[in-house]
Amino acid sequence: MSQLVEKAQQQLREAVTNALNAAIEDGILPEAPLPEFVLEVPADRSHGDWACNAAMAGAKAFHAAPRKIAEAITDKLDLENTWFQSCEIAGPGFLNFTYDPRFYGEVLQDIRRLGDDYGKSSVGENKRVLVEYVSANPTGPMHIGNARGGVLGDALSNLLSAAGYQVEREFYVNDAGNQVNRYGLSLEARYLQIYLGEDAVEFPEDGYLGPDVIENAKGFAEKYGDSYVNKDSETRRQALVDYALPLNIQGLHDDLLRYRVEYDNWFKESTLHENGAVQQVVKLFQEKGATYEKDGAVWFKGEEYGSEDFVLVRSNGVPTYVVPDIAYHYDKLVTRNFDIAIDVLGADHHGYVPRLKAALTALGVDATRLQVVMMQMVRLVRDGEIVKASKRSGKAITLVTLLEEVPVDAARFLFNSLEPNTRMDFDLDLAVQQDAQNPVYYVQYAHARICSILKNLKADGIEVRDCTPEELLLLSSPEEIELIRLLSNFTGEIAGAAKAMEPSRITRYVTNVSTLFHKFYNNCRVKGDNEALTAARLNLCVATKTVLENGLALFQVSAPEVM
């Protein structure tokens with residue numbers, strides 16, 4: 001795994017620290033604790049490759065003007081055996097450092113050497129992370145509301161893996177509770193209507209109207225006939241649910257697989273009821289003195305733990321919906337002992353998260369180990385108009401119907417093109433456009449263009465070969481340097497995106513790589529009279545191709561060779 005930029009940063013920090021110590025030792029600066037300073041890549045690279053605020057940070061400790069401190073640092077600065085060639089003082093005392101040209105060649109050699117592993121790091125320290133996403137109710141097919149969460153959670157999991165975390169993906173199956181009871185009533189009504197007629201059987205006011213309910217009722221009738229018509233309602237509903245839910249869960253599995261989303265675990269809520277975990281978590285609250293009784297119900301003392309008080313067990317003895325969720329997260333962080341649990345949730349869960357964290361705190365769990373990605377919902381747009389969709393009416397656009405219209409590559413890339421907490425209008429027309437306006441097409445085209453260059457030169461007898469450091473120094477035009485600089489940042493971009501839990505940083509990054517490659521291609525002829533320069537530029541092409549492939553792979557988006 002590449003640590004080239006990180007190594008350069010460490011070299012720089014060490015060089016500045018040594019210079020400060022030398023200036024103190026020679027009496028140029030007074031004795032004082034060394035200041036905490038920041039190294040960062042400036043937004044405007046004309047200011048250098050790295051900027052340092054050591055002089056500004058040390059003004060108070062050294063009782064000196066930042067400019068004087070900066071001059072003391074540069075006077076004692078030794079950049080020998082580092083990846084840097086110069087340092088300049090800017091403004092009141094900022095230090096701007098410029099890479100040695102050899103650095104750029106080393107970046108290309110690093111990418112060539114690492115190939116598919118370029119971009120990976122160990123910053124995650126192999127911590128165990130459980131990422132839970134989608135977790136749709138199994139009361140019908142996957143709908144468009146879950147489409148963004150599916151690829152967001154999947155891409156986040158890939159990012160975390162690339163950054164050195166040990167990741168497991170989980171789908172939480174809500175196969176218990178009110179939504180399943182309502183689904184059972186809906187199935188029962190549709191089943192009885194087959195034999196007694198629609199007028200004779202009233203459909204529940206809050207029932208599920210989707211065609212899948214009718215199909216499952218018909219399937220049940222084909223298998224069991226009218227044998228359940230005269231049975232008691234509870235037996236009939238349970239039989240219908242036992243028949244339909246496994247089919248729906250398999251349908252969710254199949255829909256997600258088509259979307260290239262796979263899970264390590266499918267965790268059923270019902271298991272928490274069956275193994276006593278739901279009852280046990282209430283008992284734990286009571287043992288810790290975190291509950292009280294009011295109007296016959298058991299309440300959680302939420303205000304004592306940063307939330308609000310809420311009911312755990314109703315007066316009829318039935319736990320509220322949040323108790324299984326608390327038991328589930330206790331299972332994640334205590335029973336299975338994951339270091340971190342990440343939930344990808346819709347924005348409508350804002351009030352839910354503080355409750356969950358307060359509950360975990362009361363149970364003695366470090367609530368910071370639960371991290372939540374809040375995701376705004378998606379509106380579909382066609383011809384500039386919002387596409388209306390309603391799951392309850394049975395007229396929703398399902399994930400499957402979306403993928404019949406939009407290529408999987410486009411869906412996976414575009415749903416990750418904005419920050420999760422940004423509301424998104426998904427343009428169905430843009431998603432199928434085959435031009436530079438479509439971001440995924442734009443990036444894939446850059447990759448295909450490189451493949452075409454390599455193929456054409458190979459036909460001319462020119463193939464990619466290893467270059468010497470001296471040959472790579474020939475890459476000195478602004479377009480070449482700008483592109484290599486960006487390629488060198490890939491490992492840091494992945495680590496940063498994983499830490500921020502923001503895959504959209506990588507879609508923006510590969511888009512920028514594509515832009516700079518097109519700029520390089522339009523200004524620098526790859527095949528020329530200078531064989532060494534041609535070889536060096538081919539190395540740059542291959543390095544760009546590798547980074548685009550590795551970046552797209554994080555989203556499981558293809559990198560076509562021909563378009």
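Residue numbers start at 1 and run along the sequence shown. Keep in mind that this is a model prediction, so the values were computed, not measured.
Residues meeting the side-chain hydrogen bond (donor to acceptor under 3.5 Å, both in side chains) test with Asn265, sequence neighbours left out: Glu168, Glu170. Scanning for side-chain contact (heavy atoms from CB on, under 4.5 Å) contacts around Ser227 gives Tyr224, with sequence neighbours left out. Among residues two or more places apart in sequence or in another chain, the side-chain contact (heavy atoms from CB on, under 4.5 Å) test is passed with Leu516 by Glu482, Leu483, Leu486, Lys519. Partners of Tyr328 according to the ring-ring contact (aromatic ring centres under 6.0 Å, His included) rule, which considers only residues two or more places apart in sequence or in another chain, are Tyr172, Phe267. Remark: Phe300 engages Phe285, Tyr305, Phe310 in a ring-ring contact (aromatic ring centres under 6.0 Å, His included) (not counting sequence neighbours). Not counting sequence neighbours, Tyr321 has no partner by the ring-ring contact (aromatic ring centres under 6.0 Å, His included) test. Considering only residues two or more places apart in sequence or on other chains, Tyr330 meets the ring-ring contact (aromatic ring centres under 6.0 Å, His included) condition with none of them. For Gln166, the side-chain contact (heavy atoms from CB on, under 4.5 Å) partners are Asn126, Arg128, not counting sequence neighbours. The side-chain contact (heavy atoms from CB on, under 4.5 Å) search around Leu418 returns Arg148, Thr422, Met424, not counting sequence neighbours.
When side chains are defined from C-beta on, Asn174 does not count as touching Val180, because their heavy atoms never get closer than 4.5 Å. Residues Val443 and Leu552 are in side-chain contact: their nearest non-hydrogen atoms beyond the backbone lie under 4.5 Å apart. Taking 4.5 Å as the limit, some side-chain heavy atom of His518 sits within range of a side-chain heavy atom of Arg449. Looking at heavy atoms from C-beta onward, Leu185 lies out of side-chain contact with Tyr208 at the 4.5 angstrom threshold. By the 4.5 Å heavy-atom criterion applied to side chains, Glu269 and Val173 are not counted as neighbours. With contacts defined as side-chain heavy-atom distances shorter than 4.5 Å, the pair Ile494/Ser121 does not qualify. Side chains of Leu252 and Phe171 form a contact here, defined as non-hydrogen atoms less than 4.5 Å apart. Contact of the Val440 side chain with the Phe555 side chain is not registered, since no non-hydrogen atoms from C-beta on lie closer than 4.5 Å.
Side chains of Thr235 and Asp232: a donor-acceptor N/O pair is present below 3.5 angstrom, by distance only. In the model, Tyr165 has no side-chain atom that pairs as donor or acceptor with a side-chain atom of Ser157 under 3.5 Å. Side chain to side chain, Asp175 and Ser270 meet the donor-acceptor criterion of an N or O pair below 3.5 Å. In this structure, a donor-acceptor pair under 3.5 Å is present between the side chains of Gln238 and Asp242. Side-chain contact annotation: Arg169 with Asn158, donor-acceptor N/O pair under 3.5 Å present. Side chain to side chain, Ser186 and Arg182 fail the donor-acceptor criterion of an N or O pair below 3.5 Å. Side-chain contact annotation: His329 with Asp343, donor-acceptor N/O pair under 3.5 Å present. A donor and an acceptor atom, one from each side chain of Asp435 and Gln437, are nowhere located under 3.5 Å apart.
Around CD of Gln250, the count of heavy atoms belonging to other residues, nucleotides or ligands within 6.0 Å exceeds 12. In this structure, Tyr445 places its OH atom where only 12 or fewer heavy-atom neighbours from other residues, nucleotides or ligands lie under 6.0 Å away.
The aromatic rings of His253 and Trp266 lie tilted to each other, with the angle between the two planes from 30° to 60°.
No cation-pi contact links Lys223 to Phe220, judged by a cut-off of 6.0 Å to the six-membered ring centre and 45° from its axis. Stacking of Arg190 on the aromatic ring of Phe203 is recorded, both the 6.0 Å distance cut-off and the 45° axial limit being met.
Taking 4.0 Å as the cut-off between side-chain N and carboxylate O, Glu132 and Lys332 count as a salt-bridged pair. Classification of Asp117 and Lys120 as a salt-bridged pair holds, one side-chain N sitting under 4.0 Å from a carboxylate O.
Closest of all the heavy-atom pairs between Val151 and Ala411 is CG2-O, 4.4 Å. In terms of heavy-atom proximity, Arg369 sits nearest to Asn337 at NH2-OD1, 3.9 Å. Counting all heavy atoms, side chain and backbone alike, Thr507 lies closest to Asn416 at OG1-O, 3.1 Å. When all heavy atoms of Leu245 and Pro138 are compared, the closest pair comes out as CD2-O, 3.1 Å. Across every non-hydrogen atom of Asn438 and Val432, the tightest pair is ND2-N, 4.3 Å.
The side-chain hydrogen bond (donor to acceptor under 3.5 Å, both in side chains) contacts involving residues 355-364 comprise Glu308-Arg355, where partners must be two or more places apart or lie in separate chains. Listed by first and then second residue, the side-chain hydrogen bond (donor to acceptor under 3.5 Å, both in side chains) pairs that reach into residues 543-563 are Asp154-Gln556, Asp409-Ser558, Gln444-Ser558, His447-Glu549, Lys545-Glu549, sequence neighbours excluded. Applying the side-chain hydrogen bond (donor to acceptor under 3.5 Å, both in side chains) rule to pairs touching residues 274-294 yields Tyr292-Asp309, sequence neighbours excluded.
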Before you tell me yes or no, could you show the steps for Ser233 and Arg237 under side chain to side chain donor-acceptor pair (under 3.5 Å), namely the whole-Å CA-CA distance, both residues' side-chain angles and the distance that decides it to 0.1 Å? CA-CA 6 Å; Ser233 181; Arg237 287 201 308 272; 2.6 Å; yes
As a quick check of understanding, evaluate side chain to side chain donor-acceptor pair (under 3.5 Å) for Thr515 and Tyr442, giving each step before the final call. CA-CA 9 Å; Thr515 297; Tyr442 181 72; 2.9 Å; yes
Verify salt bridge (charged side-chain N to carboxylate O under 4.0 Å, His left out) between Asp429 and Arg382, making sure each step is shown before the conclusion. CA-CA 6 Å; Asp429 301 313; Arg382 180 185 283 114; 5.1 Å; no
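Exactly one residue among Thr139, Asn248, Asn137 makes a side-chain hydrogen bond (donor to acceptor under 3.5 Å, both in side chains) with Tyr183. That residue is Asn248.
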